[in-house]
Every structure is written in C-alpha cells, then in structure tokens.
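Convention: sequence-line order gives letters A, B, ...; per-chain numbering from 1.
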Protein chains: 2
Amino acid sequence: MDKKGTKQRILDEALSLFAVHGYDGVTVAQIADAVNIKTPSLYKHYGSKRDIFDAILTEMESRYKQQAGSLQMDGADPEKDTGVLLNSSREQLIDMGTKLFLYFLHDDVAQKFRRMLTIEQYKNPTASELYVEQYIDSPLLYQSSIFQYFMEQNIMLNLDAKTAAMHFYAPMFLMLCLCDSCPEREAEALSFIRLHISQFSDIYLVEGEGEEV
Amino acid sequence: MDKKGTKQRILDEALSLFAVHGYDGVTVAQIADAVNIKTPSLYKHYGSKRDIFDAILTEMESRYKQQAGSLQMDGADPEKDTGVLLNSSREQLIDMGTKLFLYFLHDDVAQKFRRMLTIEQYKNPTASELYVEQYIDSPLLYQSSIFQYFMEQNIMLNLDAKTAAMHFYAPMFLMLCLCDSCPEREAEALSFIRLHISQFSDIYLVEGEGEEV
DNA sequence: GTCTATAAGAAGATAGAC
DNA sequence: GTCTATCTTCTTATAGAC
C-alpha cells in the first residue's frame, strides 16, 4: 500500500497541499502529517522545505517533457500528430478537443501541478516559465502547427493559423480555469467546450472536406 | 502626499504585496514597512491581518460593481452598451476589444486584485467566487448579450451567441494571463489580440454590414 | 495614532536515542 | 528511517508610554 516509497509520497502529499494553499500556506508538519510521519523524519529525505518544492518542479518538468510526444502538444513533431487526424472530419476534431480538455482536467497530478504553478507564478520565476510554457505557448504552438497543416491541405479556411489556434485553445484554457476554481461546474464547462468546438468547426472547416491525401 | 489616509494606504500596500506573494507569503511587518509605520500601529487601523484581506475584498467588490455600468461588462444593460456600437463596423469592434483588454491589463489596482484572486482562489471560497464572476461569467454574459443583439440585427452571422462570446473573450483572457505572468510580453500579446479581433471580425461579421437600424 | 517592549505561539530545522 | 526533545527565529498580536 505504501510501496511507493516515503520519498515519493512526500512529493505527492506536498503537491496536494501546495496546489491548494501555496508554498507559504503549507507547513512542513502538515506535509509530514499527510505522509504519516513526524516532521524530523521528513528531513531525512529532503534537506529543507524548499528542496521539496524544487523536487516537485523538477519531477513535473521531466514528466511533462516525457509525455509531450504522446497524447500531448510539444510543438516538436506536429505532422506526425496530424497524421492521426488526416482522415478526420468535424467529428474527430470535436473528439480531439474534448479528449485534450478532459486530459488536462482529469489527470489528478497534472491538475494539482497546474494549480500550484498558478499560485506560485508571480513570485517564482521558474513557476512562471513553466506555467507560460505548458499552458500557453506550447498548446498554441502545437495547435498552430496542426492548423497550418490543415490549411495547406485545404481542410481549413486559409486564415492565420496562430490566431485559429488561439480561437481553438483559448476557450479550453478558460473553461479549465473555471473548473480548477469551481470543480462542480465541470459538466457545464464540458458542454461549452463541445459547443465551442462544434462552432469552431462550422466556421473554420472547409465545407465538403473529406478523406483526401 | 500621504493625504490618502493611513487606513487606505494599508489596503493599497497590502494588495501590492498579496498580489505577488499571496496572503500567507506576506507578514504584517512587511505591510507596515511599506506604509512606513511599525507593526503595532497597523493594529490601530485593522484588528487583524485577516481583517485587512477582507477589507480589500469588500472594497474591490464594491468598486467592481460601481464601474460595471460604465466601461465595463455587467450583463445588466447590454442594449444600452451596444447602442454605442450600433453605427459600428469592423474597425470599431477592434477598437472596443483592444480598449477592453488594455483596461484589464493596465488598471494597476485591477491587475493587482486579479493576481491576488488568482493566487487565493483555491483556498478561499470568496476569492473563487469573485474570480469566476469577474473574469469568466460576467465577461461572457456581457459579450454574449452584445453578440445576441448583433445577430438579431444581422450584423453578425446567426450562430450561438454565447459560443461567439467565448471565441471573442477567451483569447483576451489567455493573453491577460500571459501578461500577468510575463509583463515583458505585453507588446506581443497586444499584437495577438489585434490579430484575433481582426480574424474574429472576418469570420463572424456579415459582409457589407453597415449603419442599419 | 505612533511608538518601544514584549508576550505567546508557530514554524523550520537539528540533536541524538532507538 | 523514525522517533522525542529541543533550539532558534519568525510572526501575530497586545500592553502601555507618549
């Protein structure tokens, strides 16, 4: 049951606490409590409270880079990702967007980390960098590459791809902020997301697009 | 120079500090320092640290409700506001959006308050309510009403108004989050906003719209 | 209303036994 | 690696002089 190792459990529980109360709002004793050890024991695993925070940043950053290539955006190889969508239509765009949104929303660790970065960004330059990269720049770059490709393939109207990416992603970001603040409004947010992607498709997709290529 | 009154200056300086470090990251002594008084003097004006925080919430909430009717969205009387835009065209939509964005971004107190709410929202129900209302629900409702009206007047394509509102507002919100985290990227954000509104107009505005009504 | 002095408790961190 | 005990400093808040 506790086979995860105390050192990792400290990071997990600390993240859970930081994600709500922020770094300054959490005491070392609270973290230790959550792990079911006493405060001094915790110092056998990490040299200081700040070390725990830094370890979370480091762990989450490498986790992000790992998964960037899979489900997620990294702006590295958009054409590979678009391949999956090549024989796609409006329905699949809706599916892609919804899945992206739900991943962002429901991955427990990802959500906690996003909340923590949200809280810490203004006082911590590293948190700010990670926040902007992971939740703004990368998604826009990724979507932009996909849409650029769609436009070249005449699947989408030939407009500015980065702006289209913003039109596609920004509403998801907004609804994500809503859900992070009001989890009870998730159903409502999801329904807006579906409406959004549907209307986005109506607007941006070339009529009669099909299975070309 | 200090004719603002110590009581108000305490609120101002406290907000400046809370907006970066959060409630738990600021000490009463830091607030007192910023006001150039000693800690015990501060307690002659407010009974506790929490009282200062609550006073900020109360003050900003009433300030918000005041100005809601003027430049800003409140969802109360959209038709009155749209009146200003009635003889408007694409250029004026760009102007309206840019001004809205710049107001949000450059009002010093508004920005600090937004940052503070961003930090405090996950642990403080009141902060969460204010955050969601002021930066998500109200803007969407307001824009939605305007666009509903535009659609009825055949100025805009007859699509879902609330989704259109999301397409219009969400990119502003996203760029606002970017600027709050990275103020040095403001010029970039503003240029995206202009591109966004321009492309939004291309998409949503009925061609040859004019001065009807 | 502002100050000096100080109380009372919390918080980060260490010592050393087991 | 975990514990009890403890140290030191920080933090909120109060007492009381001016």
Side-chain angles (χ1 to χ4, degrees), chain A residues 1-59 112 115-116 119-120 122-127, chain B residues 1-59 112 115-116 119-120 122-127:
Chain A
M1 194 169 179
D2 286 5
K3 268 292 163 269
K4 250 170 134 185
T6 305
K7 189 155 186 171
Q8 183 58 43
R9 292 199 55 228
I10 290 171
L11 290 192
D12 294 346
E13 299 297 342
L15 176 59
S16 294
L17 289 163
F18 289 155
V20 174
H21 301 97
Y23 179 83
D24 294 309
V26 175
T27 68
V28 179
Q30 285 177 304
I31 300 172
D33 260 12
V35 184
N36 270 311
I37 57 176
K38 299 296 177 186
T39 306
S41 308
L42 193 145
Y43 282 92
K44 297 290 178 180
H45 299 278
Y46 295 94
S48 70
K49 185 186 174 186
R50 180 60 56 179
D51 280 354
I52 298 174
F53 182 80
D54 291 340
I56 292 174
L57 286 190
T58 303
E59 189 202 22
K112 284 172 182 165
R115 280 185 174 145
M116 190 185 88
I119 295 171
E120 300 299 321
Y122 307 129
K123 62 182 165 208
N124 186 311
T126 307
Chain B
M1 193 167 178
D2 287 3
K3 267 292 163 267
K4 252 170 132 185
T6 305
K7 189 155 186 171
Q8 182 59 43
R9 291 198 57 228
I10 290 171
L11 290 192
D12 294 345
E13 299 296 342
L15 176 58
S16 294
L17 289 163
F18 290 155
V20 174
H21 302 97
Y23 180 83
D24 293 309
V26 174
T27 69
V28 179
Q30 285 177 305
I31 301 171
D33 261 11
V35 183
N36 270 309
I37 57 175
K38 300 295 178 186
T39 307
S41 307
L42 192 145
Y43 283 90
K44 296 290 178 180
H45 300 278
Y46 296 94
S48 70
K49 184 186 175 186
R50 180 59 57 179
D51 279 355
I52 298 174
F53 181 80
D54 291 340
I56 292 174
L57 287 189
T58 304
E59 190 202 20
K112 284 172 181 165
R115 281 184 174 148
M116 190 186 87
I119 295 171
E120 300 299 320
Y122 306 130
K123 62 183 165 206
N124 186 312
T126 307

Measure the distance from [atom1] on [X] to [atom2] on [N] and round it to the nearest whole Å.
X       : N      : atom1 : atom2 : value
B:Ile37 : C:dC3  : CD1   : C1'   : 11 Å
B:Lys38 : C:dC3  : NZ    : P     : 7 Å
B:Asp33 : D:dT11 : CG    : P     : 12 Å
A:Asn36 : D:dT2  : CG    : P     : 11 Å
A:Ile31 : C:dA13 : CD1   : P     : 10 Å
B:Arg9  : C:dG1  : CZ    : P     : 14 Å
B:Tyr46 : C:dG1  : OH    : C1'   : 14 Å

Next item on the list: Just do the side chain to side chain contact (heavy atoms under 4.5 Å, CB included) check on A:Met116 and A:Tyr23 with the steps written out, would you?
Entry: CA-CA 8 Å; A:Met116 190 185 88; A:Tyr23 179 83; over 6 Å; no

Note to self: Need the bend value for the helix from C:dG1-D:dC18 to C:dC18-D:dG1: angle between end axes, 5 pairs each end, nearest 10°.
What the structure shows: 0°

Next item on the list: Taking the side chain as every heavy atom from C-beta outward, state whether B:Asn124 and B:Phe53 have any pair of such atoms under 4.5 Å apart.
Entry: yes

Atom pairs, N/O to N/O, protein against nucleotides 8-10 of chain D, distance under 3.5 Å?
none

Checklist line | Protein-to-nucleotide contact annotation, 5' to 3' order, nucleotides 13-18 of chain D [B base; S sugar-phosphate only; - none; under 4.0 Å, heavy atom] | finding: BBB---

Check: Can you tell me how far the CD atom of A:Glu13 sits from the CD atom of A:Gln8, to the nearest 0.5 Å?
Finding: 10.5 Å

Note to self: With a cut-off of less than 4.0 Å, is there a side-chain N or O of B:Ser41 near OP1 or OP2 of C:dG1?
What the structure shows: no

Checklist line | A:Tyr23 vs B:Leu42, nearer the 5' end of DNA chain C by closest nucleotide | finding: B:Leu42

N/O donor-acceptor pairs under 3.5 Å from side chains in residues 38-47 of chain A, not counting sequence neighbours:
| unit_1 | atom_1 | unit_2 | atom_2 | d |
| --- | --- | --- | --- | --- |
| A:Tyr46 | OH | A:Lys7 | O | 3.0 |

Can you give the donor-acceptor pairs under 3.5 Å from side chains of residues 25-37 of chain A to other protein atoms, not counting sequence neighbours?
| unit_1 | atom_1 | unit_2 | atom_2 | d |
| --- | --- | --- | --- | --- |
| A:Thr27 | OG1 | A:Gln30 | N | 3.1 |
| A:Gln30 | OE1 | A:Thr27 | N | 2.8 |

Margin query: Heavy atoms within less than 4.0 Å of DNA chain C: which residues of residues 51-58 of chain A have one? Give them sorted by number.
Written below: none

Checklist line | Considering all heavy atoms, the nearest A:Lys123-A:Asp24 contact | finding: NZ-OD2, 3.0 Å

Scan the side chains in residues 15-22 of chain B for donor-acceptor partners under 3.5 Å anywhere in the protein, sequence neighbours excluded, and list what turns up.
| unit_1 | atom_1 | unit_2 | atom_2 | d |
| --- | --- | --- | --- | --- |
| B:Ser16 | OG | B:Asp12 | O | 3.2 |
| B:Ser16 | OG | B:Lys112 | NZ | 3.0 |

